[in-house]
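The structure appears below as structure tokens.
Order of appearance sets the numbers: ligands from 1, and atoms from 1 within every ligand.
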Amino acid sequence: MSRIEHPELGIIECVRSVRARSIRLVVRVDGSLRITYPLFGNRRRAIDFAESKREWIERTRQRLKERTANYPTITPADIERLRREARAYIPATLERLARKHGFNYSSLRISSAHTRWGSCSGRNGISISLFVMLLPEHLREFILLHELCHTRHHNHSASFHTLLNRLVDGHERDYNRELKAYHIPRTK
Ligand SMILES: [Zn+2]
């Protein structure tokens with residue numbers, strides 16, 4: 001692997017690969033480029049290829065920038081604060097909702113998952129990301145209810161949705177749509 005600083009295209013990481021059948025160009029999240037080319041290929045040709053894709057590269061970089069601009073960033077100190085808030089809020093609220101609707105869960109874990117708001121294991125162990133503390137109250141409860149419903153239906157079947165939708169007075173679709181506007185932040 002080699003890394004070159006191209007005068008117009010910026011940083012390009014060149015990777016010769018046994019598996020590559022042809023030249024493959026990727027724009028990474030930070031905007032840098034990565035070219036993978038076959039073992040018997042030649043690096044100069046790979047770079048020529050990237051140069052011929054200049055317009056596509058610009059467009060892709062622009063799109064990435066727009067997409068990640070909406071993602072907030074967060075510091076480790078913020079995460080500690082959220083963790084304290086989560087410990088004060090989640091166990092009590094989950095317990096209250098479980099009692100109210102007659103659910104049984106076996107354990108609760110407050111995670112720092114960046115990929116999902118919550119999960120429920122086959123043994124009804126519920127895990128909730130501390131980042132739910134960034135959501136408005138009704139969506140936070142919605143996440144907890146979603147996981148509680150999984151203690152009865154370990155899937156996203158029609159019965160699961162019927163149950164969840166009833167518990168949120170018919171707002172399941174609205175709430176899911178609202179949730180899409182929130183992203184779990186990246187750590188700075
Ligand atoms: Zn689910």
| message | For a distance under 2.8 Å, give residue and atom name for each protein N, O or S atom next to the Zn ion (ligand 1). | response | His146 NE2, His150 NE2, His156 NE2
Any side-chain donor-acceptor pair under 3.5 Å between [X] and [Y]?
| X | Y | answer |
| --- | --- | --- |
| Tyr105 | Glu95 | yes |
| Glu172 | His146 | no |
| Arg116 | Ser129 | no |
| Thr162 | Asn165 | no |

| Side chain His153, main chain Asn155, donor-acceptor under 3.5 Å | no
| query | Using 4.0 Å as the upper bound for N to carboxylate O, is an ion pair formed by Glu58 and Arg54? | reply | no
